[in-house]
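Below: the structure, in structure tokens.
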Amino acid sequence: MSDKRTELEQLGEFGLIDQLTKKFETKNPETLFGIGDDAAVLEGKEDKVRLVSTDMLLEGIHFNLMYMPLKHLGYKAVSVNVSDLCAMNGKAEQITVSLAVSNRFPVEALEELYEGIRAACEHYKVDLIGGDTTSSVSGLILSISVIGTASKKDVVYRSGAKENDLLVVSGDLGGAYMGLQVLEREKEVFKANPNIQPDLDGHDYILQRQLKPEARVDVIDILKELEVVPTSMIDISDGLASEVLHLCKASGVGCHVYDEKLPIDAATSTTALDFNINPNTAAMNGGEDYELLFTIGQSDYEKVASNPNFTVIGHITHQNDGMYLIDRNGAAVELKAQGWNHFNKED
Ligand code: ADP
Ligand code: MG
């Protein structure tokens with residue numbers, strides 16, 4: 001190590017991963033794809049590949065136990081991992097769970113957490129096969145790894161988008177972020193006066209989007225039924241803008257996303273407007289929707305556009321054309337790379 005000191009924020013999350021991993025080469029022929037997608041892809045049995053992915057959740061960074069019930073946290077932690085395998089057009093089969101806890105937590109609290117993990121294991125039909133348990137100074141840290149499979153010919157990477165492909169998203173966007181805004185607001189009200197009960201009425205949908213997200217395993221089944229294999233895919237964990245950029249960079253292409261096409265639920269829009277947030281901003285930059293963003297060839301347009309689960313939001317262009325969000329008047333705004341704490345910086 002030299003005396004040089006580079007601040008983490010200079011590199012950002014993805015620059016840091018790049019910097020730390022660039023000297024590594026894969027040595028095993030079974031490693032088909034390592035770093036740089038939603039999951040690693042390993043040689044599997046016959047016509048299958050194995051998928052592996054891992055995600056870590058930290059108290060105070062990814063969740064706040066003031067409003068996140070431990071059972072929901074357990075469920076969500078599994079969902080976000082399963083979602084990464086969906087993004088490869090694959091299915092989750094096993095998980096390992098690693099936990100760091102302080103003595104702040106009684107056994108009963110951790111049992112609650114595991115109730116949520118168990119509910120998710122039932123729902124997604126995955127097996128808990130191991131993990132690790134250790135102590136932490138204060139907060140709770142939860143790290144889950146997921147293992148699964150995809151058929152070799154149908155595995156989908158971030159890197160396959162081609163010029164003129166269509167950009168598609170499942171479900172609707174921005175709900176999880178608006179759910180978080182409501183929870184944060186009520187937390188502040190409660191902190192100011194603990195006698196006031198939180199007012200969460202009428203926000204069921206967006207609260208559920210934030211507190212109990214579901215991985216879109218159903219989308220993988222629907223695509224199979226429609227006989228559509230996306231040319232590229234990623235799950236939407238950090239907001240649409242960030243994921244579109246990942247997909248375009250990995251594929252070496254540009255894109256046009258049309259803001260009037262963004263699928264936004266009425267509950268999300270209403271709450272966004274109450275908070276003086278443009279609903280499109282919630283959809284583009286709010287995270288944690290865990291929907292899927294993918295590209296398809298033009299020939300699959302009819303099959304996908306006629307399905308209520310999907311919305312075509314734009315198309316892929318030549319790399320030199322750049323990556324743009326186009327508004328109703330045809331004005332183009334360049335999609336910006338976002339890194340750590342992008343919300344703090346942007347807002
Ligand atoms: P996702 O948002 O889908 O969970 P990430 O953005 O966390 O994916 O990670 C992008 C890629 O970088 C993945 O292939 C992941 O495995 C890899 N990665 C992330 N952090 C590290 C690390 N500290 N060391 C090695 N690889 C990493
Ligand atoms: Mg992902």
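Whatever order the structure lists ligands and atoms in, that order sets their numbers, starting from 1.
- Note on D38 versus R158: salt bridge recorded, some NZ/NE/NH1/NH2 to OD/OE distance being below 4.0 Å.
- With respect to K91 and D221, a salt bridge is recorded, a charged nitrogen being found less than 4.0 Å from a carboxylate O.
- Scanning the protein heavy atoms around atom 6 (O) of ligand 1, the nearest turns out to be F14 CE2, 3.2 Å.
- The protein heavy-atom contact nearest to atom 11 (C) of ligand 1 is G36 N, 3.8 Å.
- Of the protein's non-hydrogen atoms, D84 OD2, 3.5 Å is the one closest to atom 4 (O) of ligand 1.
- Heavy-atom distances between T21 and ligand 1 reach below 4.0 Å in at least one pair.
- Here E188 pairs with K191 in a salt bridge; the nearest charged N to carboxylate O distance falls below 4.0 Å.
- With ligand atoms numbered from 1 in the order given, ligand 1 contributes 3 (O) to contacts under 4.0 Å with heavy atoms of D38.
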- Take Q181 and I277, measure what side chain to side chain contact (heavy atoms under 4.5 Å, CB included) needs, and give me the verdict at the end. CA-CA 10 Å; Q181 299 316 302; I277 294 172; 4.3 Å; yes
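- Within the 4.0 angstrom cut-off, atom 2 (O) of ligand 1 has one or more protein heavy-atom neighbours.
- Scanning the protein heavy atoms around atom 8 (O) of ligand 1, the nearest turns out to be R158 NH2, 3.9 Å.
- Using a 4.0 Å threshold on non-hydrogen atoms, atom 23 (N) of ligand 1 does not count as touching the protein.
- Under 4.0 Å from ligand 1, the heavy atoms of D55 that appear belong solely to its side chain.
- What sits closest to atom 17 (C) of ligand 1 on the protein, heavy atoms only, is I35 CG2, 3.7 Å.
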- Item | Derivation and outcome, side chain to side chain contact (heavy atoms under 4.5 Å, CB included), residues L183 and H203 | CA-CA 10 Å; L183 290 166; H203 292 301; over 6 Å; no
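- Residue contacts with ligand 1, taken as heavy atom pairs separated by less than 4.0 Å, do not involve H246 at all.
- Taking a 6.0 Å sphere around CD of E25, one finds it holds 12 or fewer heavy atoms contributed by other residues, nucleotides or ligands.
- Remark: N280 CG to E260 CD distance equals 9.5 Å, nearest 0.5 Å.
- Of all protein N/O/S atoms, those under 2.8 Å from the Mg ion (ligand 2) are D38 OD1, D84 OD1, D235 OD1, and waters are not counted.
- Heavy-atom contacts of S237 reach the following atoms of ligand 1: 2 (O) (cutoff under 4.0 Å).
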- Message: Determine whether K162 and D165 satisfy the following criterion, salt bridge (charged side-chain N to carboxylate O under 4.0 Å, His left out), listing intermediate values before the conclusion.
- Response: CA-CA 6 Å; K162 299 273 177 311; D165 280 357; over 6 Å; no
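- For ligand 1 and D37, the ligand atoms under 4.0 Å from any heavy atom of the residue are 13 (C), 14 (O).
- In this structure, atom 15 (C) of ligand 1 has its sub-4.0 angstrom surroundings free of protein heavy atoms.
- For atom 7 (O) of ligand 1, the closest non-hydrogen atom of the protein is E13 OE2, 4.3 Å.
- Among protein heavy atoms, the minimum distance from atom 18 (N) of ligand 1 is reached at I17 CG2, 3.8 Å.
- For the residue pair Y124 and N81, no side-chain donor N or O sits within less than 3.5 Å of a side-chain acceptor on the partner.
- By the criterion of side-chain heavy atoms lying less than 4.5 angstrom apart, applied directly or through intervening Ile, Leu, Val, Met, Phe, Trp or Tyr residues, V146 is not grouped with Y290; the two fall into different hydrophobic clusters.
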- Hey, mind stepping through S102 and S138 against side chain to side chain donor-acceptor pair (under 3.5 Å) and telling me if it holds? CA-CA 5 Å; S102 72; S138 64; over 6 Å; no
- Query: Does the side chain to side chain contact (heavy atoms under 4.5 Å, CB included) test come out yes or no for F63 and L140, once each step is laid out?
  - Reply: CA-CA 10 Å; F63 59 90; L140 175 69; 4.0 Å; yes
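- Remark: K224 NZ is loosely packed, at most 12 non-hydrogen atoms of other residues, nucleotides or ligands lying under 6.0 Å away.
- By the 30° and 60° cut-offs, the orientation of the rings of F310 relative to F294 is perpendicular.
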